[in-house]
Amino acid sequence: MTTLDTAPSAPPATAPARAARAWRTVRSSRAAVIGVAIVAVHVLIAVLAPLLTSYDPIANDSSHALLGPGWDHWAGTDQYGRDVLARVLYGGRYALGVSVAATLVTVALGTVVGCAAALRGGWFDDVLGRVLDAVLAVPSILALLVVVTALGTGPAVIVLAIAVVYVPQVVRVVRGAALAVVPADYVTAARARGEGTWSILRREVLPNITDVVCVEFAMRASWVVLLISSLSFLGFGADPPTPDWGLMVAENRTAITVVPMASLAPIIALATLVVGLNLAADGLSKAWGVDRIREGS
């Protein structure tokens, strides 16, 4: 596993101070501002979807199937007569909801395990390292397909599958960041006071690696969005007629020459969301000086 070269000597900052610093960091990075703005637009559209369209995203209307863009259907209709724009707008709800849940679980679990490995060290760190190496040796898509094939589809299963794939990678990154904090004087003082591992993790270590965790969250979120859409495209994600971008591409790819917007619209929505998340992650990593390559991401 990789480690960082320097250790911070300053004690952990208070929550308001960290929040103020994070806001200043976002504003100081043009890439981060653009990325956060794009993601915010997607979130706003997903929340306001019922107000932005009057069409039901899952209602079939065979009499209006395969229509091109027009005044009644701005992005046309698919092979079942469903309004494409409505499905794209509502599809953001599924993409954002499942992706955020999966990323939160993955980063939270990976952060706790990574910090615990850095604090405990010894045999626990060695055994954990060997287990992570074994898990990381399995191709991500294969591990993902094994989980969803064994447990079925559904949001809860997808969240579990994402966690299986990405938690080991998050653990390695967070462990590397935490190893830079463990030798600090305030951590040593906390141990001398007899504080437990969880107390030291929460009060001394986590506040000093918040920047790494935030960048990791933004970066993993972009990958999770793509992975979830890929699962839906392959038939292992959202079940029809759920409005989901990956499922929309799979359903309409055979009619792409007739109604291209039925496939292009969800692709554009997915691409802009991923670009926004990547810009946010890159902007924050540069502004905070987080070296994602050296940390093992």
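Numbers here simply count residues along the sequence, with the first being 1. Note that the structure is a prediction, hence the values are computed from the model and not measured.
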For the backbone of P207 and the side chain of T210, can you confirm whether one donor and one acceptor N or O come within less than 3.5 Å of each other?
yes

A118 versus V182, closest heavy-atom pair with distance
O-CG2, 3.7 Å

Under 3.5 Å donor-acceptor, R253 side chain and A250 backbone:
yes

For the OH atom of Y166 and the CG atom of L144, what is their distance to the nearest 0.5 Å?
8.0 Å

Joint cluster assignment, V225 & V159, ILVMFWY side-chain distance < 4.5 Å
no

Would you give the length of the straight line joining atom NE2 of H73 to atom OH of Y55, rounded to the nearest 0.5 angstrom?
4.0 Å

Would you mind reporting whether L132 and Q169 have side-chain heavy atoms less than 4.5 Å apart?
no

Is the shortest side-chain N to carboxylate O distance from E216 to R172 below 4.0 Å?
no

Between R93 (side chain) and A46 (backbone), is there a donor-acceptor pair under 3.5 Å?
yes

Which value, rounded to the nearest 0.5 Å, describes the distance between L128 atom CG and R120 atom CZ?
11.5 Å

Closest approach of G237 and I158, non-hydrogen atoms and distance?
CA-CD1, 3.9 Å

Look at the side chain of W245 and the backbone N and O of S229, then say whether any donor-acceptor pair between them is shorter than 3.5 Å.
no

Student check: side-chain heavy atoms of R82 and T77 closer than 4.5 Å
no

Between S99 and A221, is there a donor-acceptor pair closer than 3.5 Å when you use the side chain of the first and the backbone of the second?
no

Full working for side chain to side chain contact (heavy atoms under 4.5 Å, CB included) between V167 and V113:
CA-CA 9 Å; V167 162; V113 175; 5.6 Å; no

Search all heavy atoms of G152 against all heavy atoms of V157 and return the closest pair with its distance.
O-CG1, 2.9 Å

Indicate whether the side chain of N208 and that of Y186 have a donor and an acceptor atom separated by less than 3.5 Å.
yes

L145, L227: one ILVMFWY side-chain cluster at the under-4.5 Å cut-off?
yes

Would you say the side-chain atoms of S222 pair up with the backbone N or O of N278, donor to acceptor, closer than 3.5 Å?
no

When you group the ILVMFWY residues by side-chain heavy-atom contacts below 4.5 Å and let the links chain together, are W198 and V187 in the same group?
yes

State the CG-CG distance between L231 and L247, to the nearest 0.5 angstrom.
12.0 Å

Residue pair A190 / I200: nearest heavy atoms and the distance that separates them
CB-CG1, 4.0 Å

Let's go through Q79 and V258 carefully: what are the C-alpha distance in whole Å and the side-chain angles of both, what is the deciding distance for side chain to side chain contact (heavy atoms under 4.5 Å, CB included) to 0.1 Å, and is it a yes or a no?
CA-CA 10 Å; Q79 57 186 327; V258 180; over 6 Å; no

So which heavy atom on T106 is nearest to which on A102, and how close?
OG1-O, 2.7 Å

Using atom types as modelled and distance alone, determine if a side-chain donor or acceptor of R220 lies under 3.5 Å from a backbone N or O of V107.
no

Where do C115 and L201 come nearest, in terms of heavy atoms and distance?
CB-CD1, 3.4 Å

Go through it in stages, so that I can follow the logic: the residues are R175 and D125, the test is salt bridge (charged side-chain N to carboxylate O under 4.0 Å, His left out), and I'd like the CA-CA distance, side-chain angles, deciding distance and then a yes or no.
CA-CA 10 Å; R175 175 189 174 277; D125 192 21; 2.8 Å; yes

Minimum side-chain heavy-atom gap L226-L270 below 4.5 Å:
yes

Begin from the C-alpha positions of V174 and V171 and carry the test side chain to side chain contact (heavy atoms under 4.5 Å, CB included) through to its verdict.
CA-CA 5 Å; V174 173; V171 170; over 6 Å; no

Given L66, which partner from the list V259, N252, D78 fulfils the side chain to side chain contact (heavy atoms under 4.5 Å, CB included) test?
V259

For the pair S232 (side chain) and A238 (backbone), establish whether a donor and an acceptor sit closer than 3.5 Å, ignoring hydrogens and angles.
yes

Transitively linked via ILVMFWY side-chain contacts under 4.5 Å: I162 with Y94?
yes

Let me confirm one number: the CG-CG distance from D83 to D72, rounded to the nearest 0.5 Å.
9.5 Å

Side chains of T53 and L85 in contact at under 4.5 Å (non-hydrogen atoms)
no

In this structure, OG of S140 is separated from CH2 of W223 (nearest 0.5 Å) by 9.0 Å

If only side-chain N and O atoms count, and only distance matters, is there a donor-acceptor pair under 3.5 Å linking T242 with D244?
no

ILVMFWY cluster, L119 and V170 together (side-chain gap under 4.5 Å):
yes

Side chain T272, main chain A269, donor-acceptor under 3.5 Å:
yes

Just by modelled atom types, is the P57 backbone N or O under 3.5 Å from a matching donor or acceptor in the R87 side chain?
yes

Of L279, L273, V274, the residue whose pairing with L277 passes side chain to side chain contact (heavy atoms under 4.5 Å, CB included)
L273

